[in-house]
Amino acid sequence: MRLQILGCYAATPRTLSNPTAQVLEIKNHLFLIDYGEGTQVQLRKNKIKFSRIKHIFISHLHGDHFFGLPGLISTFRLLGRDKELHIHGPKGIKEAITLLMRLGNSWTNYPLLFHELESNEPQIIFEDENVEVTTIPLDHRIYTNGFLFREKESERKLDIRAVEKYSIDKVHYREIKRGKDFTLSNGELIPNTELTLDPPPPKSYAYCSDTGYFELIVPLIKDSDVLYHEATFLESESHLSSTTKHSTAKEAATIAREAGVGKLILGHFSTRYKNIERFKEEAQEIFDTVELADDGKIFEF
Ligand SMILES: [Zn+2]
């Protein structure tokens with residue numbers, strides 16, 4: 001998986017920082033996650049191919065997470081897009097976007113498909129043979145979901161030396177990779193474990209923004225390889241985090257520790273802080289493997 005942060009600050013776009021947006025490359029998909037104002041420029045700057053974007057996941061309807069979307073939808077029309085675009089987001093997102101299109105009499109000439117969410121239970125919202133995306137209901141001032149992106153278990157890997165040793169014909173490789181045992185012409189059964197190697201373990205990425213401290217997500221994101229958790233404030237401003245239903249760096253780190261994730265990425269920093277290194281210092285008192293998001297930064301895992 002390859003995660004690129006396009007924006008990781010709260011509230012407003014500024015000269016050198018952008019509101020929330022990310023792009024996740026997973027098994028040949030290019031998923032956009034949240035889409036704050038100005039993200040289209042970030043896509044251009046980071047040379048992300050517009051034509052590869054087919055699914056956009058919006059956590060909630062605060063402007064710093066979706067105000068860029070009408071612009072992108074319009075650009076796709078101007079570029080002559082004909083492929084489907086799927087928008088996954090809270091109920092109301094269709095009304096918000098289509099109102100703007102109606103007022104401007106500027107309908108898309110490509111299929112624009114909305115998948116509106118309103119459940120407070122986790123649900124699978126995208127699935128194919130390689131990938132599964134599940135919602136992570138969060139605790140914010142309005143209805144909000146995080147998203148868990150999970151690779152599915154891939155096929156077993158052929159142990160070439162083993163299949164050659166038994167002179168197994170290539171036509172059987174497919175079913176062996178799917179886990180079948182093999183019977184030699186003399187009737188001897190070769191167990192699959194002798195012919196294949198374990199595939200790499202499937203990876204997972206949990207995206208959690210925006211939310212107050214919310215322990216109910218721990219079982220949902222348990223053992224994720226990477227967790228992005230918002231940390232809008234430091235503990236010194238915990239009075240603000242509790243009233244606005246955001247988290248502090250310490251709270252994000254506590255969730256990471258309880259869930260036993262591989263790595264914690266902090267983001268959604270309030271623009272009041274001049275030195276965001278302090279977020280890392282505060283989080284590392286609770287959980288070791290912490291990195292700070294930064295606009296343009298890439299994480300591969
Ligand atoms: Zn918000």
Side-chain angles (χ1 to χ4, degrees), residues 5-14 17-24 31-39 42 56-72 87-97 114-120 122 125 135-148 205-217 220-221 227-235 237-256 264-273 276 279 283 292-295:
I5 309 294
L6 301 172
C8 64
Y9 286 82
T12 62
R14 298 184 308 166
S17 70
N18 296 277
T20 303
Q22 306 186 350
V23 59
L24 178 71
F31 291 147
L32 285 177
I33 310 167
D34 278 341
Y35 203 87
E37 182 184 345
T39 302
Q42 284 292 86
I56 306 178
F57 299 87
I58 301 291
S59 63
H60 67 302
L61 296 182
H62 280 154
D64 55 340
H65 292 256
F66 94 108
F67 274 2
L69 205 48
L72 184 72
I87 313 273
H88 309 259
K91 188 165 175 53
I93 194 165
K94 180 177 180 178
E95 186 187 350
I97 300 292
F114 291 92
H115 307 274
E116 294 197 313
L117 308 171
E118 50 187 332
S119 174
N120 289 311
I125 54 171
T135 55
I136 307 168
L138 298 173
D139 181 26
H140 194 39
R141 301 195 302 283
I142 57 170
Y143 176 70
T144 304
N145 287 295
F147 303 104
L148 177 64
Y205 170 57
Y207 170 83
C208 296
S209 187
D210 296 1
T211 185
Y213 180 73
F214 195 41
E215 276 181 345
L216 286 182
I217 66 174
L220 306 178
I221 61 173
L227 165 66
Y228 175 95
H229 195 291
E230 73 129 288
T232 310
F233 298 105
L234 294 169
E235 277 294 305
E237 279 68 46
S238 61
H239 55 290
L240 293 178
S241 71
S242 53
T243 50
T244 57
K245 292 225 174 191
H246 283 298
S247 299
T248 65
K250 182 183 176 187
E251 288 171 331
T254 306
I255 294 289
L264 169 65
I265 302 173
L266 296 175
H268 201 263
F269 311 115
S270 163
T271 50
R272 78 185 52 232
Y273 299 103
I276 60 165
F279 283 83
L292 298 177
D294 192 10
D295 298 2

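Counting starts at 1 for both ligands and their atoms, in listed order. Source: prediction; values computed, not measured.
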Could you check if a side-chain atom of Leu220 sits within less than 4.5 angstrom of a side-chain atom of Pro137, using non-hydrogen atoms only? yes
In terms of the angle between their ring planes, are Tyr207 and Tyr205 parallel, tilted or perpendicular, with boundaries placed at 30° and 60°? tilted
For Phe269, the ring pair (Phe, Tyr, Trp, His ring centres under 6.0 Å) test, sequence neighbours excluded, returns Tyr9, Phe279
Between His140 (side chain) and Lys245 (backbone), is there a donor-acceptor pair under 3.5 Å? yes
Within less than 2.8 Å of the Zn ion (ligand 1), how many protein N/O/S atoms are there? 4
Has Ser209 got a side-chain atom pairing as donor or acceptor with Glu230's backbone, closer than 3.5 angstrom? no
How are the rings of Tyr273 and Phe233 set relative to one another: parallel (under 30°), tilted (30 to 60°) or perpendicular (over 60°)? perpendicular
